Colleague: 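Please see the structure below; I have some questions.
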Amino acid sequence: MTVIRAEVVGSLLRPDWLKKARSQWQAGEIDHAEFKRIEDRAVREALAIQEEAGVDVLTDGEQRRTTFFGYLTDALSGIDFTDSHDFDGIEWQPADDCCASPRKRDDGTSVHAVKLPVVTEKLARSRALSVEEFAFLRAATDRPVKITLPSPLMAWSFYSPKQSGDAYADIFEMFADVARLIREEVAELAALGCTYVQIDAPELAILIDPDVRERVRSRNGLDTTRLLADGVAALDEAVAGVSGITKCLHICRGNNAGSFFAKGGYETISRAVFAGTRNYDLFSLEYDDHRSGSFEPLRDIPDDKGVILGLISTKLPGLEKLDELEARVEEAARVFPREQLRVSPQCGFASTWEGNPLTPADQAAKLQLVKALARRIWG
């Protein structure tokens, strides 16, 4: 059995020819079958990149998705793409501290207010999203693989009290519905032989950063106090009752074209989240910069869980120093058992279709560094 120490989080950069093919498919210039063959090629290349780097568990790089939360928009019915609502409250910040001011559009306006499709009916699974991904991976590699799915709380991006209220008078009823739908997907994956699923939960970062928490509460009306209770319960329900599968919760601080939206240590949520998500086996945490706080909150993680330390940035191209990364792992090991730790990049390389401002060579070097770090620590 492979001992997993060197992880990837999920997405990899999409090659330009895949982006072009998607545009051609959407424009009707190539048919669905041809586009699927091109997607298959992209997944094979993503696997080859990870295999060459030597990481211990592989993903399909999310090459078939436009965003990491594609499950919500591509596999669920009840979201109206002909209508939209103003989604406000998230202000993206560049990861490079030399220019740390909110990102702007070309016309100089802030990018925090965007138009998104909106939930107008009860949500339901129109198809499985990740089953195709896993079935292809199972046939394409004999290495351990994992499938990533979005947190049910990500659905808040598509909720408008005015337009969604007839379907869900209470947004937390919607969260519970999406948790059930994701659990159905996880159960189907387990039945097909999948042994590792990761739930990506960037919305928890809202609760880490007091400025973001207040901005979201005031602009969106989201009850952030309830998010830490009922929201965490929905997260736990998303993987409840499915046996024979490793379940990981990834807490992301935002990852969009090299930018983030939340800063601060995990201590503001650690007790509630780590105690409230009993159905998870692993916690994947971002620790790639000074904004992430100390390792002290790891003390709140139950003794029977594991932790993946996201020490290597996917937002910035500069390559971290191996000695400094080793020292960070040793620092964490003074708080949480070394044998229950793993290492990874802090997030995916392309949570959105456009990807982060790194080259494929940067990406390869960072994946190789993950493996080199794991080998340095654990042999």
Side-chain angles (χ1 to χ4, degrees), residues 9 69 89-90 149-157 159 170-180 182-183 186 197-242 246-255 260-287 291-310 332 335-337 340-341 346-347:
V9 171
F69 56 84
I90 298 299
L149 289 167
S151 156
L153 308 184
M154 277 298 300
W156 78 290
S157 304
Y159 184 88
D170 182 351
I171 191 173
F172 286 86
E173 293 178 6
M174 181 183 71
F175 292 154
D177 247 9
V178 181
R180 174 179 54 81
I182 290 175
R183 187 172 64 249
V186 173
V197 167
Q198 173 182 295
I199 303 296
D200 295 312
E203 70 287 336
L204 290 180
I206 293 168
L207 305 171
I208 291 172
D209 189 323
D211 292 335
V212 176
R213 186 169 62 243
E214 175 56 27
R215 195 159 57 238
V216 166
R217 187 200 62 76
S218 61
R219 292 178 181 174
N220 286 104
L222 184 63
D223 185 341
T224 52
T225 300
R226 194 176 172 194
L227 194 65
L228 197 55
D230 295 349
V232 168
L235 264 174
D236 205 38
E237 275 298 305
V239 296
V242 184
T246 297
K247 304 150 193 168
C248 175
L249 179 63
H250 173 226
I251 302 177
C252 172
R253 297 163 184 273
N255 186 39
F260 70 96
F261 68 75
K263 60 185 181 298
Y266 292 102
E267 60 272 6
T268 55
I269 66 169
S270 58
R271 291 185 181 179
V273 171
F274 298 144
T277 51
R278 294 182 296 274
N279 290 313
Y280 290 89
D281 307 291
L282 291 165
F283 297 101
S284 176
L285 306 175
E286 298 195 355
Y287 274 111
R291 290 182 292 267
S292 303
S294 76
F295 293 119
E296 283 300 311
L298 300 186
R299 297 187 190 278
D300 293 328
I301 296 177
D303 294 340
D304 61 342
K305 309 296 184 183
V307 173
I308 306 169
L309 299 175
V335 177
F336 195 82
Q340 291 164 239
L341 294 174
Q346 117 279 339
C347 199

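Note that the coordinates shown come from a computational prediction; the quantities given were computed from them, not determined experimentally. Positions are given from 1, in the same order as the sequence printed here.
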Colleague: Is a side-chain N or O of Asn279 found less than 3.5 angstrom from the main chain of Asp236, in a donor-acceptor match?
Modeller: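 Yes, because the side chain of Asn279 sits within donor-acceptor range (under 3.5 Å) of the backbone of Asp236.
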
Colleague: Minimum heavy-atom separation for Ser270 and Asp300, please, with both atom names.
Modeller: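 The pair with the smallest heavy-atom distance is OG-OD2, 2.5 Å.
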
Colleague: Find out whether Val273 and Leu207 are in side-chain contact, i.e. whether some heavy atom of one side chain is under 4.5 Å from a heavy atom of the other.
Modeller: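 No - every pair of side-chain heavy atoms lies 4.5 Å or more apart.
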
Colleague: State whether Arg183 and Glu237 are salt-bridged, where the test is any N-O pair (Lys NZ or Arg NE/NH1/NH2 against Asp/Glu carboxylate O) under 4.0 Å.
Modeller: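 A salt bridge is present here (some side-chain N lies under 4.0 Å from a carboxylate O).
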
Colleague: Taking the side chain from Asp281 and the backbone from Lys247, do they hold a donor-acceptor pair closer than 3.5 Å?
Modeller: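 Yes, Asp281 side chain to Lys247 backbone: donor-acceptor pair under 3.5 Å.
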
Colleague: What is the minimum heavy-atom distance between Leu309 and Ala332, and which atoms define it?
Modeller: CD1-CB, 3.6 Å

Colleague: Is the ring centre of Phe295 less than 6.0 Å from the ring centre of Phe336?
Modeller: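 Between Phe336 and Phe295, which both carry aromatic rings, the centre distance is not below 6.0 Å.
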
Colleague: Please answer whether the main-chain N or O of His250 pairs with a side-chain N or O of Gln198 as donor and acceptor at a distance below 3.5 Å.
Modeller: no

Colleague: List the atom of Ala155, the atom of Met174, and the distance in Å for their closest heavy-atom pair.
Modeller: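 The pair with the smallest heavy-atom distance is O-CE, 3.4 Å.
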
Colleague: With a cut-off of 3.5 Å and sequence neighbours excluded, list every side-chain donor-acceptor pair involving residues 301-308.
Modeller:
residue, atom, partner, partner atom, Å
Lys305, NZ, Arg278, O, 2.9
Lys305, NZ, Tyr280, O, 2.6

Colleague: With a 6.0 Å cut-off (strictly less than), is the heavy-atom count around CZ of Arg271, excluding the residue itself, greater than 12?
Modeller: no

Colleague: So do the side chains of Ser151 and Ile199 get within less than 4.5 Å of each other, counting heavy atoms only?
Modeller: yes

Colleague: Is there side-chain contact between Arg299 and Phe274, with heavy atoms separated by less than 4.5 Å?
Modeller: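 Side chain of Arg299 against side chain of Phe274, heavy atoms only: no contact under 4.5 Å found.
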
Colleague: For residues Pro152 and Leu235, report the shortest heavy-atom separation together with the two atoms involved.
Modeller: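 That closest heavy-atom pairing would be CD-CD2, 4.0 Å.
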
Colleague: Are the ring centres of Tyr159 and Phe175 closer than 6.0 Å?
Modeller: no

